[in-house]
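Structure record follows, encoded as structure tokens.
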Amino acid sequence: MTIKTQIIAHRGYRAVAPENTLPAFEAALAYQPDMLEMDVHRTIDGHLVVIHDEKVDRTTNGTGFVKDMTLAEIKSLDAGIYKEPKMVGVTIPTFDEFLTFLRAQKFDQTLMLEIKTDHVSYPGIEKEILDKIDTYQPAYHVLYQSFNLNSLKIVRQLQPKADIAALVYWATPGVYWLKWRGVFDYIHSDIRILKNKPRIFWRPNVHMRTWTVDNEADMRRVFKAGLRGMITNKVALATKIRREIQGDEHD
């Protein structure tokens with residue numbers, strides 16, 4: 001049986017709309033990716049919000065750390081004017097707004113949720129995220145990932161049957177040891193390092209996904225190798241190349 005490499009839309013379809021905003025997620029869904037990838041931080045007054053960076057500077061018209069801002073301050077920022085074409089009036093979504101959006105879209109694929117605790121400490125955020133997901137009782141599957149292995153251990157303790165992935169630049173023996181111990185199920189490695197390790201591409205690797213794959217040659221290599229999945233900003237291109245190399249699942 002041929003392995004179908006999963007296409008994961010990185011922060012939505014951030015090549016065409018402001019990343020981690022509802023327009024970006026809506027644009028991604030038009031291509032029916034296997035997964036939507038997004039990131040969660042927490043405001044100073046305890047609200048979960050969908051944004052990648054620890055600071056708002058790069059993707060909004062504001063400055064400062066998310067952890068130091070209230071939800072009202074976060075929502076006052078414009079998250080749609082940092083890239084072309086500008087989308088004035090787009091805001092950083094709360095986690096609730098995002099989950100409500102998925103429900104309205106009847107999303108039934110997989111949500112890849114990154115817990116952003118690798119640079120900022122958010123004590124208890126893992127339980128808050130799991131509780132929020134439980135509240136919405138989604139029909140879709142959720143895969144939790146983080147660079148912070150302690151966060152992954154907490155998720156495993158709180159929800160033993162959760163699907164969990166370790167985000168790494170390169171999988172060291174220590175990372176594989178934690179996988180063998182069952183701390184997480186998958187390894188998500190940097191394509192820039194992975195493609196310099198040819199042995200990874202010798203045969204299908206069912207636990208390995210790679211990020212962030214935007215170069216066409218890299219996409220072709222990943223699809224031909226049959227890695228489990230690729231995280232990409234170029235959803236349309238990835239869809240086209242996968243159909244060419246691996247065929248259409250509807251054929």
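Numbers here are sequence positions counted from 1. All values below come from the heavy atoms of this structure, side chains included, with hydrogens, waters and symmetry mates left out. Every value quoted in this text rests on a predicted model; they were computed, and no experiment measured them.
A heavy-atom distance below 4.5 Å is not found between the side chains of Q32 and Q109. Counting heavy atoms from C-beta on, the side chains of V50 and T94 never come closer than 4.5 Å. In this structure the side chain of V213 never reaches within 4.5 angstrom of the side chain of I231, judged on heavy atoms. The side-chain heavy atoms of D53 and R58, taken from C-beta on, include a pair separated by under 4.5 Å. The shortest side-chain heavy-atom distance between L48 and I129 falls under the 4.5 Å cut-off. A 4.5 Å side-chain heavy-atom check between K132 and D96 finds at least one atom pair inside the cut-off. A heavy-atom distance below 4.5 Å is found between the side chains of I154 and L158. Proximity of L227 to Q6: side-chain heavy atoms (C-beta onward) are nowhere separated by under 4.5 Å.
Relative to the six-membered ring of Y136, R103 misses at least one condition, a distance below 6.0 Å or an angle of at most 45° to the axis.
Nearest heavy atoms, A9 versus A28: CB-CB, 3.7 Å. Taking both residues in full, the closest heavy atoms of K75 and P93 are given as NZ-CA, 4.0 Å, listed atom of the first, atom of the second, then distance. Taking every heavy atom of both residues into account, D118 and E54 meet most closely at OD1-OE2, 4.4 Å.
Inspection of the S146 and N148 side chains reveals no N or O donor paired with an N or O acceptor under 3.5 Å. With 3.5 Å as the limit, one finds a donor-acceptor pair spanning the side chains of Q145 and H188. Under 3.5 Å, the side chains of H52 and R11 contain a donor-acceptor pair of N or O atoms. H10 and N233 are linked by a side-chain donor-acceptor pair at a separation below 3.5 angstrom, with hydrogens and angles left out of the test. A donor-acceptor pair shorter than 3.5 Å cannot be found between the side chains of T70 and D45. A donor-acceptor contact under 3.5 angstrom links the side chains of S151 and T117, judged on distance only.
Tracing side-chain contacts under 4.5 Å through hydrophobic residues (I, L, V, M, F, W, Y), one never reaches Y82 starting from M38; they form parts of separate clusters. Tracing side-chain contacts under 4.5 Å through hydrophobic residues (I, L, V, M, F, W, Y), one reaches V40 starting from V142; they form part of the same cluster. Note on L22 and I81: separate hydrophobic clusters, where clusters join Ile, Leu, Val, Met, Phe, Trp and Tyr whose side-chain heavy atoms are under 4.5 Å apart, directly or indirectly. Both L149 and W180 sit in one connected hydrophobic cluster of ILVMFWY residues. Membership requires side-chain heavy atoms under 4.5 Å apart, directly or through other members. V88 and V56 are not part of a single hydrophobic cluster, where members link through side-chain heavy atoms under 4.5 Å apart.
To the nearest 0.5 Å, atom CG of residue D68 and atom CD1 of residue I44 are 5.5 Å apart. The CG atom of L178 sits 9.0 Å away from atom CG of L152, with the distance rounded to the nearest 0.5 Å. Note that CG of D57 is 10.0 Å distant from CG of L77, once rounded to the nearest 0.5 Å. Interatomic distance, OH of Y31 versus NZ of K234, reported as 13.0 Å (0.5 Å rounding). Interatomic distance, H207 NE2 to Y186 OH, rounded to the nearest 0.5 Å: 11.0 Å. In this structure, CZ in F184 is found 12.5 Å from CG in L143, a value given to the nearest 0.5 Å.
K127 meets the salt bridge (Lys or Arg N to Asp or Glu O under 4.0 Å) test with D131; sequence neighbours excluded. Residues satisfying the salt bridge (Lys or Arg N to Asp or Glu O under 4.0 Å) test with K86, not counting sequence neighbours, are E84. Residues passing the ring pair (Phe, Tyr, Trp, His ring centres under 6.0 Å) test with Y122, sequence neighbours excluded: H41. Looking at residues two or more places apart in sequence or on another chain, you find a salt bridge (Lys or Arg N to Asp or Glu O under 4.0 Å) between E114 and K116.
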Verdict with supporting geometry, W211 and L167, side-chain contact (heavy atoms from CB on, under 4.5 Å): CA-CA 9 Å; W211 55 271; L167 271 167; 3.5 Å; yes
Steps toward side-chain contact (heavy atoms from CB on, under 4.5 Å) verdict (M230, I8): CA-CA 6 Å; M230 69 163 68; I8 301 119; 5.6 Å; no
Pair I133-Y144, side-chain contact (heavy atoms from CB on, under 4.5 Å): steps then yes or no: CA-CA 11 Å; I133 291 290; Y144 301 94; 3.7 Å; yes
Criterion side-chain contact (heavy atoms from CB on, under 4.5 Å) on V183 and W177, from CA distance to verdict: CA-CA 9 Å; V183 173; W177 171 244; over 6 Å; no
Criterion side chain to side chain donor-acceptor pair (under 3.5 Å) on R42 and H47, from CA distance to verdict: CA-CA 5 Å; R42 188 172 64 200; H47 293 273; over 6 Å; no
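Sorted by first and then second residue, the salt bridge (charged side-chain N to carboxylate O under 4.0 Å, His left out) pairs involving residues 170-190 (not counting sequence neighbours) are R156-D185, D190-R192.
Of the possible donor and acceptor atoms, none in the side chain of K195 sits under 3.5 Å from a partner among the backbone N and O of V222. Side chain of T210 to main chain of I191: a donor-acceptor pair is present (N/O by atom type, distance under 3.5 Å, no hydrogens or angles). With hydrogens and angles ignored, the 3.5 Å screen pairs no side-chain donor or acceptor of N20 with any backbone N or O of G12. A donor-acceptor pair under 3.5 Å is absent between the side-chain atoms of T232 and the main chain of V235, judged by distance alone. D34 contributes a side-chain N or O that, together with a main-chain N or O of I7, makes up a donor-acceptor pair within less than 3.5 Å.
Under the 6.0 Å cut-off for aromatic ring centres, Y176 and W170 do not qualify, their centroids lying 6.0 Å or more apart. In this structure, F147 has its ring center closer than 6.0 angstrom to the ring center of Y169.
The residues K83 and E19 are annotated as not salt-bridged, no charged nitrogen and carboxylate oxygen being separated by less than 4.0 angstrom.
Grouped by direct or indirect side-chain proximity (heavy atoms under 4.5 Å, Ile/Leu/Val/Met/Phe/Trp/Tyr only), V90 sits with M87.
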